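Worksheet: one structure, shown below.
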Amino acid sequence: MLLLAPLTAVMLLILIYPLGLTLWTSLYNGRFSFDAYAELASSTLFLRVLRNTFEIAVGGTLVSLLFGYPVALHLAAQPPRKRTAYLIMVMLPFWTSILVKSFALVAVFGNQGLINQFLGFVSGGTVNLPMMFNRVGVILGMINFLLPFMILSILGSLLSLDRRLILAAETMGAGPLRIFWKITLPLSMPGVLAGVLINITLSIGMYITPALLGGRQDMMVANLVDFYTRQTLDWTAASATAMVLLILSGLLVAMLGKVRGAAGLAGAGA
Amino acid sequence: MTATPVPAMVELQGVAKRYGEVNALHRVDLSIAKGEFVTLLGPSGSGKTTLLNLIAGMITPSSGRIVIDGRDATTLPTNRRGLGMVFQNYALMPHMTVFENIAFPLEVRRLSKAEIKRKVGEALELIQLGHVANRKPRELSGGQQQRISLARCIVYNPTLILMDEPLGALDKKLREQMQLEIKRLHAELGITMLYVTHDQDEALTMSDRIVLMNGGRIEQQGAPDTLYFRPETVFSAEFIGSSNLIPGTVEIDADGAYALKTALGRFAAPAPDMALAAGAPAVLLVRPENMALAAAPTAASVAGHIEDSILLGGVVRHFVRCANGSTLVIQELNQPGRSGAHRGDAVRAAWQPQHGRLLPPAPAG
């Protein structure tokens, strides 16, 4: 117990105290009330942003799943040494600041970016596929960050799949497609579910990516908190919005803890 | 065993498998007749599992040809070889019910729903597990799971069933029960079976023919009786059954009678099956059950004293320490009123010379 004291003190100071303060600010504005929450519930802006947040989070997660599953499948089929090398490549985005990555994405996907210039060169005209500062840009920026989480949790499920089940199915005459649909996919569902929940949880609180790569229509809840704090200086509304975001994320993490195979990632199994 | 009138189900012609510098399997020729129950027996690393995986198509041979049911299958993918396979860990699909597991190979073969239902029912009937059709494999005991995996195999009538130590994970009693069950299924269905095990008792119980493997080669093959009574090498003699081995040098009389001159005396022995020249080193094999305790010298006997006697139920085993320090094992049937032999008693281990068998010595290393 004594050894835990310093850590407890740090946690109290940098986590619990600000959190408590936020909760307090959302409830106390000259007097104690739930007015801030009631206002949020009737605010068109907040509801619009909440819907945006869900659309972007779910969309980004689905794209991440679509790209992540084949990668995980390929990684699982590699010999261990090769797999390690490939995994390093998967983890590479983590070593780069999200700010730097966002600007790099503009260089690739922007109006004057590589892709549009290439398409223009090929077609002989001017191509301006709008891929930045809109929803496409937000999702592109997000999956860059989300994919490793998706790939790792699916890979975990695939690696724990007993190879002999595949061999058994092969001896019974099953082709690769049937083996995938009937055996590999159903048995990797815990990993898929964990990956999806982790991705939604992570993307629901996204802040920099929508701010840098999204358009005016792509404001998410975290950006709204920033808007209330710095633009309108309405700290009560900002705190209430932050609390709603916290509760939503908390619910998702709780669900994550229930998914087999994701317990370690959610911190519930530690 | 070479001239079988029945056509071959599996034919291996000079099949070898190398992993880099390591020879997992040296050139092997093996023919398995239709309807035969053949066991690959050997210690771990002897190449028996490599051989099985080659036939299953999970690995491709470095050289040689594999013919299954008259068709060259050397490079045929596993799912087109028409085999059945039973694994040691059962390899049942954990997310499917027992019914769905057994129906899987039938769905692969695009049978109608009604036909699948009928065939799965019949297969479950055959293994007497009709009542568990709707359960998941993990709710069943190990023995039940292995019976389900057998049913999943026989339900689609493969021409050949491969079994990779299928009973290795079961306890002794269940194992013996399952051995008889597999034997019964083989007799009833007449499917060719290739069975891999490292358990000599299992091989002796079940097989029409045992292929004994050692160091990536076939050491000896034949009917269980042949392997037991006519081993051709020290390895065969030691791997199957227990054995007393007395080393010495060969002596041949003027009339052609063989004998072995050993540190324990000179023992007459039947003429060997293989060429053993006079003066060559050799080993005399006498099975423990062919030895008996004797009070006075006989045609072939060795003096010693009883080191230990152990009771194994139906039989008693005596360990006789000889003058030169070697130990001979004697096995007798246990009977009520059997005269007790006590530790330290001076006795003679005696056998009839015609029960001895001369073998070439084990290769060094």
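Please read these numbers as outputs of a predicted model, since none were measured by experiment. Protein chains get the first letters and strands the later ones, always in sequence-line order, with residue 1 at the start of each.
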Review point. Got a sec: does the NE2 of B/H198 have more than 12 other heavy atoms crowding it under 6.0 Å?
Key: no
Study note, to complete from the structure: One should read off an interatomic distance between B/F87 CZ and A/D162 CG, to the nearest 0.5 angstrom, of 9.0 Å
Exercise for review: Count the heavy atoms of every other residue, nucleotide or ligand shown that sit under 6.0 Å from CZ of A/F67, and state whether that count exceeds 12.
Suggested key: no
Review point. With distance as the sole test, does A/R164 use its side chain to make a donor-acceptor pair with the main-chain N or O of B/Y90 at under 3.5 Å?
Key: no
Study note, to complete from the structure: Answer key: most heavy-atom pairs under 4.5 Å with chain A among B/L162, B/L83, B/L92, B/V108 is B/V108
Check your understanding: Of all of B/R152, B/H95, B/M85, which one pairs up most often with chain A through heavy atoms under 4.5 Å apart?
Key -> B/H95
Revision key, fill the gap. So, the part of A/I183 with a heavy atom under 4.5 Å from chain B: the answer is both
Practice item. Could you pull out all residues at least two apart from B/T49 that satisfy side-chain contact (heavy atoms from CB on, under 4.5 Å)? Key: B/N53, B/D164, B/V196
Point to revise | Residue-level contacts of residues 69-80 of chain B with chain A, using a heavy-atom cutoff under 4.5 Å | key: B/T78, B/N79
Exercise for review: Side chain from CB out, backbone as N, CA, C, O: work out which of these in B/M93 comes under 4.5 Å of a heavy atom of chain A, or both, or neither.
Suggested key: both
Review point. Under 6.0 Å from the CZ atom of A/R48, do we count more than 12 heavy atoms belonging to anything else shown?
Key: no
Point to revise | Validation row: A/R178, B/E107 side chains within 4.5 angstrom (heavy atoms) | key: yes
Exercise for review: Measure the OG1-CD1 distance between A/T171 and B/I55 for me, rounded to the nearest 0.5 Å.
Suggested key: 13.5 Å
Review point. Around atom CE of A/M255, are there more than 12 heavy atoms of other residues, nucleotides or ligands at under 6.0 Å?
Key: no
Check your understanding: Which residues in residues 120-151 of chain B have any heavy atom lying under 4.5 Å from a heavy atom of chain A?
Key -> none
Check your understanding: Who are the side-chain hydrogen bond (donor to acceptor under 3.5 Å, both in side chains) partners of B/E11, not counting sequence neighbours?
Key -> none
Exercise for review: Any chance you could measure B/M96, atom CE, to A/L187, atom CG, to the nearest 0.5 Å?
Suggested key: 8.0 Å
Check your understanding: Are there more than 12 heavy atoms of other residues, nucleotides or ligands under 6.0 Å from atom NZ of B/K17?
Key -> yes
